[in-house]
Protein chains: 2
Amino acid sequence: MPTLSEVARHAGVTPATVSNVLRKRGRVGETTRQRVLDAVAALGYRPHLAARALAEGRAPTLALMVSSIANPFYPEFALAVERAARASGHFVIICNTNEDPLTGRAYLDQIAGTLSEGVLVTNANLDFADLRKTEARGTPVVLCMWERPTEPPGLPCVAVDFRLAGKLAGEHLLELGHRRFGAIVGSKASGIHAARYEGFVDALRAAGVTKNRVRHAADTIQGGYLAARALLEADPQPSAIFATNDLPALGAMHAIADLGLRVPDDLSVIGITDIQLARESRPALTTVAVPTVEVAGLAVELLRELIETSYGQAGRDVRDVTAPVPMRVSSEPKLVVRASTAAPRSR
Amino acid sequence: MPTLSEVARHAGVTPATVSNVLRKRGRVGETTRQRVLDAVAALGYRPHLAARALAEGRAPTLALMVSSIANPFYPEFALAVERAARASGHFVIICNTNEDPLTGRAYLDQIAGTLSEGVLVTNANLDFADLRKTEARGTPVVLCMWERPTEPPGLPCVAVDFRLAGKLAGEHLLELGHRRFGAIVGSKASGIHAARYEGFVDALRAAGVTKNRVRHAADTIQGGYLAARALLEADPQPSAIFATNDLPALGAMHAIADLGLRVPDDLSVIGITDIQLARESRPALTTVAVPTVEVAGLAVELLRELIETSYGQAGRDVRDVTAPVPMRVSSEPKLVVRASTAAPRSR
DNA sequence: TTGAAAGCGCTAACAG
DNA sequence: CTGTTAGCGCTTTCAA
């Protein structure tokens with residue numbers, strides 16, 4: 001592979017000049033510029049990104065921490081992140097923590113600041129202390145899906161009003177006439193879906209409804225399946241099931257089918273997120289859509305800003321503790337009515 | 001962030017020594033070794049990967065080219081790749097070509113050899129010429145899912161006997177007693193699923209069956225849905241549907257349900273791959289499983305070997321044209337019988 | 001407008 | 001065993 005200096009020699013100039021025309025900085029005479037460009041083309045020169053990273057003191061990559069690509073939401077989000085990152089000249093390194101904080105820490109220790117100049121975190125079951133540490137070391141970190149716009153975490157983040165999402169789901173069900181509910185709350189361990197459930201309860205409470213049983217579950221189809229089976233044993237049976245996530249909602253639909261009941265005739269089901277599968281399931285899942293692409297865009301943008309500014313000021317020191325931690329709030333979640341919800345069979 | 005020389009100073013040795021103890025090469029005295037290690041711990045030193053990459057002339061990352069993470073197979077595969085890559089000390093940069101050869105080329109041009117020392121390609125709709133070019137430039141490329149073990153492509157690859165997969169699917173349906181088939185063949189444009197269909201036809205032919213209609217479709221649930229609707233208009237209707245991929249098979253199940261028919265009572269459906277969703281759909285999908293994890297492992301392993309050897313010999317020159325292109329063959333696809341197939345209602 | 005020179009942080013011979 | 005000496009390929013002041 002040809003190097004900068006080879007190009008320079010070929011064009012009869014110095015490496016510095018070549019660098020200048022390539023980075024479009026410093027005035028360069030039009031003729032030499034052309035000569036350099038020709039040489040670049042002739043030799044098929046491509047800049048060596050690792051070398052550039054070293055010289056610039058910053059790598060052109062972002063680390064995307066995810067807890068498990070098994071959940072189809074992550075790939076969708078990763079795709080959006082990749083698009084946004086690329087638009088800002090970054091590559092994305094995918095870091096699968098596998099729900100294991102140690103793996104997450106190992107990743108952070110290795111690449112943060114040395115191979116990637118920023119870290120994006122989805123609900124990756126990471127130790128906040130580890131994140132703060134990498135931040136303190138000078139590598140900005142952004143939380144991509146903070147659930148409570150009103151309660152900022154100690155880290156930069158993009159917040160989505162998930163409480164509202166839960167509320168919208170509840171209101172939709174109530175409007176259809178449902179009064180007996182079963183709720184499937186995911187991410188039990190991290191408690192990260194609590195806000196969604198609170199919103200749901202807000203709606204019920206506002207309507208004076210108290211017929212609601214809760215069940216915690218893993219964030220999977222299987223988890224939702226199991227939880228729904230348990231919920232459906234109640235007497236009287238709920239007429240609608242709310243899940244804090246689409247995957248468990250899908251599982252609930254399976255459970256209902258296995259019991260010989262029909263959605264939405266016998267039972268309504270609603271989820272949150274609007275993953276692709278929600279559109280493609282049968283019946284298609286009614287859900288509260290989260291603006292995934294927008295969130296990805298905001299997250300990358302915020303991260304970029306942090307990178308830019310933290311490089312300007314105070315070297316790689318800890319962020320000024322008195323300064324507020326930046327937060328972006330996405331547009332509101334929106335109800336998407338599809339075929340899994342309907343009025344209850346009888347009142 | 002502390003640097004190697006800072007650690008060296010702190011330990012009262014030279015950078016070279018620190019490097020030696022860290023890389024475990026060159027004999028180092030036990031006492032100095034300890035001293036260095038202490039200094040590393042005290043300063044919280046972490047090697048700068050970009051710097052190391054430059055010095056070593058090789059980056060610790062692999063590029064994984066995928067056409068679209070939308071298809072749930074890719075994330076599953078990506079996960080397996082990431083695991084394998086990490087085990088060999090590599091990070092993986094995810095490159096979404098979006099089915100667009102130009103995007104793919106741009107990725108290759110930028111990172112191959114400069115930020116990643118190897119390229120893994122799934123069915124990413126890439127221009128073979130581009131791949132050969134990056135290979136010729138000295139960056140090994142491995143095709144992850146070559147469909148015909150008997151017909152090696154011009155590039156190193158891991159092959160899966162997809163023709164056999166199709167055959168197994170056909171045989172399963174035949175054994176159940178089916179004689180009228182509908183086939184949904186995906187990836188029409190690239191023709192990449194042809195082998196699967198050929199295998200299916202092999203089975204039918206061996207059984208003397210000719211009642212088989214084909215329909216091409218996009219590799220999506222939606223694509224399968226549409227194709228199945230078309231297939232089911234035939235008279236007499238097929239009693240079983242074979243899809244060259246799980247996603248379209250799932251779509252076919254939806255179409256059947258929408259027509260008021262039941263799987264597997266009225267129609268049987270079978271796919272290929274065994275993505276997670278196949279297990280979680282209702283009814284659970286019978287399919288021919290591809291050893292995804294194994295393939296990922298073989299691909300990374302092969303890539304590693306190519307990296308190792310191509311660095312030893314002949315600098316970064318084109319691979320010896322007379323040498324055979326290396327190929328690994330995965331273990332055979334296996335039939336996984338679940339709930340979407342059964343004997344036809346009547347003969 | 002261009003060139004010279006120093007250095008990013010680390011590795012890799014080769015000496016001592 | 002450990003230190004010296006060169007770079008890896010590129011960017012970036014600072015001079016010319």
Side-chain angles (χ1 to χ4, degrees), chain A residues 1-37 39-40 43-60 110-115 117 137-138 311 315-316, chain B residues 1-37 39-40 43-60 89 110-115 117 137-138 311-312 315-316:
Chain A
M1 267 183 22
T3 71
L4 230 211
S5 9
E6 282 167 20
V7 173
R9 202 177 318 137
H10 192 99
V13 297
T14 64
T17 303
V18 177
S19 178
N20 278 337
V21 359
L22 258 27
R23 326 288 319 292
K24 307 184 200 309
R25 37 186 350 275
R27 311 286 106 213
V28 180
E30 185 48 33
T31 58
T32 36
R33 212 182 81 83
Q34 241 349 297
R35 212 141 33 94
V36 168
L37 258 22
V40 165
L43 269 50
Y45 169 78
R46 301 174 306 141
H48 192 294
L49 265 26
R52 180 177 281 180
L54 180 58
E56 282 185 323
R58 49 144 65 190
Q110 289 193 71
I111 65 177
T114 74
L115 196 59
E117 61 169 348
R137 278 170 171 156
Y311 265 79
R316 287 111 183 276
Chain B
M1 265 180 25
T3 70
L4 230 212
S5 9
E6 282 168 19
V7 173
R9 201 175 320 134
H10 192 100
V13 296
T14 64
T17 302
V18 177
S19 178
N20 278 339
V21 358
L22 259 25
R23 327 284 324 291
K24 308 184 201 306
R25 41 189 341 277
R27 311 286 106 212
V28 181
E30 186 48 31
T31 58
T32 35
R33 213 182 80 82
Q34 242 347 298
R35 213 140 34 93
V36 168
L37 258 22
V40 165
L43 270 51
Y45 169 78
R46 302 173 305 141
H48 194 295
L49 267 26
R52 179 176 283 180
L54 180 57
E56 282 186 323
R58 50 143 65 192
Q110 288 192 72
I111 66 177
T114 74
L115 196 58
E117 61 170 347
R137 276 171 173 155
Y311 265 79
R316 286 107 184 279

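Protein chains get the first letters and strands the later ones, always in sequence-line order, with residue 1 at the start of each. Since the model is a prediction, treat every value here as computed from it, not as a measurement.
- Mapping A:Leu22 and B:Gly12 onto DNA chain D via the closest heavy atom, the residue that lands nearer the 5' end is B:Gly12.
- Each of A:Thr32, A:Val36, A:Val40 was checked for a side chain to side chain contact (heavy atoms under 4.5 Å, CB included) with A:Val21, and the lone residue meeting it is A:Val36.
- Closest to the B:Val28 side chain, of the nucleotides D:dT2, D:dG9, C:dG3, is D:dT2.
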> Hey, mind stepping through A:Met1 and B:Thr114 against side chain to side chain contact (heavy atoms under 4.5 Å, CB included) and telling me if it holds?
Replying inline: CA-CA 10 Å; A:Met1 267 183 22; B:Thr114 74; 4.0 Å; yes
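- Residue A:Thr32 is classed as a sugar-phosphate contact, given heavy-atom separations below 4.0 Å to backbone atoms only.
- Annotation: of the two residues near DNA chain C, A:Pro15 and A:Arg35, the 5′-most nearest-nucleotide partner is A:Arg35.
- Residue B:Thr14 is in base contact, counting any heavy-atom pair closer than 4.0 Å across all strands shown.
- The side chain of B:Arg52 sits closest to C:dT11 out of D:dC10, C:dT11, C:dG9.
- For the OP1/OP2 pair of D:dT11 and a distance below 4.0 Å, the side-chain nitrogens and oxygens of A:Ser19 include at least one atom meeting the criterion.
- For A:Tyr45, whose side chain is taken as the heavy atoms from C-beta onward, the closest listed nucleotide among C:dT11, C:dA4, D:dC10 is D:dC10.
- Separating the CG atom of B:Leu115 from the P atom of D:dC10 is a distance of 13 Å, rounded to the nearest angstrom.
- Ionic pairing of A:Glu30 and A:Arg35 is not present here: no N-O contact between side-chain nitrogen and carboxylate oxygen is shorter than 4.0 angstrom.
- Between A:Glu6 atom CD and D:dC10 atom P the separation is 9 Å, expressed in whole Å.
- At least one side-chain heavy atom of B:Tyr45 sits under 4.5 Å from a side-chain heavy atom of B:Leu22.
- For B:Ala16, the side-chain atoms get nearest to C:dA12 when compared with the rest of D:dG9, C:dC10, C:dA12.
- Proximity note for A:Arg23 (side chain, C-beta onward) versus D:dT12, C:dT2, D:dC10: the nearest is D:dT12.
- Of the candidate nucleotides D:dG3, D:dG9, C:dG3, C:dG3 has the atom nearest to the side chain of A:Val13.
- Considering only side-chain atoms of B:Ala55, the nucleotide from C:dT11, D:dT11, C:dT2 that sits closest is C:dT11.
- B:Thr17 has no side-chain polar atom (N or O) that falls below the 4.0 Å cut-off from OP1 or OP2 of D:dT2.
- C:dC8 atom C1' lies 4 Å from atom CG of A:Leu54, rounded to whole Å.
- Two residues are said to be in side-chain contact when any heavy atoms from C-beta on lie closer than 4.5 Å; A:Pro60 and B:Leu115 meet this criterion.
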